[in-house]
Amino acid sequence: FVGLQDLRFVASLASRGGLAPDAALRAITLTPAEILGVSARVGSIAPGMLADLVIINGDPLTNINDLLNVTEVFKNGQYYTIDELLKRPE
């Protein structure tokens with residue numbers, strides 16, 4: 001299983017190797033969905049698509065490493081701050 005952290009790392013490596021940031025983002029979103037045959041439901045942002053969204057402080061299309069600057073997440077229709085997600089259960 002590949003986690004989000006791993007995908008961001010792969011995108012960063014690909015970008016450092018010369019892949020444009022937009023192509024690196026596509027490589028960890030839409031392209032895998034296409035390979036798995038689920039791109040009609042996931043892998044991009046459009047009306048009717050299933051998606052969890054992250055709010056990033058920065059512009060990963062300019063600097064792919066901004067993918068590490070997640071501040072908020074919408075998961076299954078619920079809003080979370082990054083602090084809420086990183087908080088360990090008591």
For residues G43 and A33, report the shortest heavy-atom separation together with the two atoms involved.
-> CA-CB, 3.9 Å
Test side chain to side chain contact (heavy atoms under 4.5 Å, CB included) applied to V54 and L67, step by step | CA-CA 9 Å; V54 295; L67 286 176; 6.0 Å; no
Please tell me if the side chains of L25 and P60 come closer than 4.5 Å, counting only heavy atoms from C-beta onward.
-> yes
Are F74 and L7 connected in a single hydrophobic cluster, I mean Ile/Leu/Val/Met/Phe/Trp/Tyr linked by side-chain heavy atoms less than 4.5 Å apart?
-> no
Assess whether side chain to side chain contact (heavy atoms under 4.5 Å, CB included) is satisfied between I64 and L19, documenting all intermediate values.
-> CA-CA 10 Å; I64 198 71; L19 193 63; over 6 Å; no
Any side-chain heavy atom of L85 sitting closer than 4.5 Å to one from V70?
-> no
Hey, what do you get for CG (N57) to CD1 (I82), rounding to the nearest 0.5 Å?
-> 12.0 Å
Is L61 close to D66 at the side-chain level, that is, under 4.5 Å between some pair of heavy atoms?
-> no
Could you give the distance from OH (Y80) to CG (L86), rounded to the nearest 0.5 Å?
-> 13.5 Å
For E72 and Y79, run side-chain hydrogen bond (donor to acceptor under 3.5 Å, both in side chains): C-alpha distance rounded to whole Å, both residues' side-chain angles, the deciding distance at 0.1 Å, then the answer.
-> CA-CA 7 Å; E72 301 154 284; Y79 168 83; 2.5 Å; yes
Over 12 foreign heavy atoms within 6.0 Å of CG, L36 = yes
Roughly how far apart are D59 CG and N69 CG, rounded to 0.5 Å?
-> 11.0 Å
Say whether, by atom type as modelled, one donor and one acceptor occur between the side chain of E84 and the main chain of T81 under 3.5 angstrom.
-> yes
Is T71 reaching over with its side chain to a backbone N or O of I56, donor-acceptor style, under 3.5 angstrom?
-> no
Worked verdict on V73 versus L53 for side chain to side chain contact (heavy atoms under 4.5 Å, CB included) = CA-CA 6 Å; V73 175; L53 299 175; over 6 Å; no
Checking side chain to side chain contact (heavy atoms under 4.5 Å, CB included) for the pair V42/M49: CA distance, chi angles, key distance, verdict?
-> CA-CA 6 Å; V42 298; M49 301 289 280; 5.5 Å; no
Would you tell me whether N65 and S12 have side-chain atoms, one donor and one acceptor, within less than 3.5 Å of each other?
-> yes
CZ of R26 to OG1 of T31, rounded to nearest 0.5 Å, is 5.0 Å
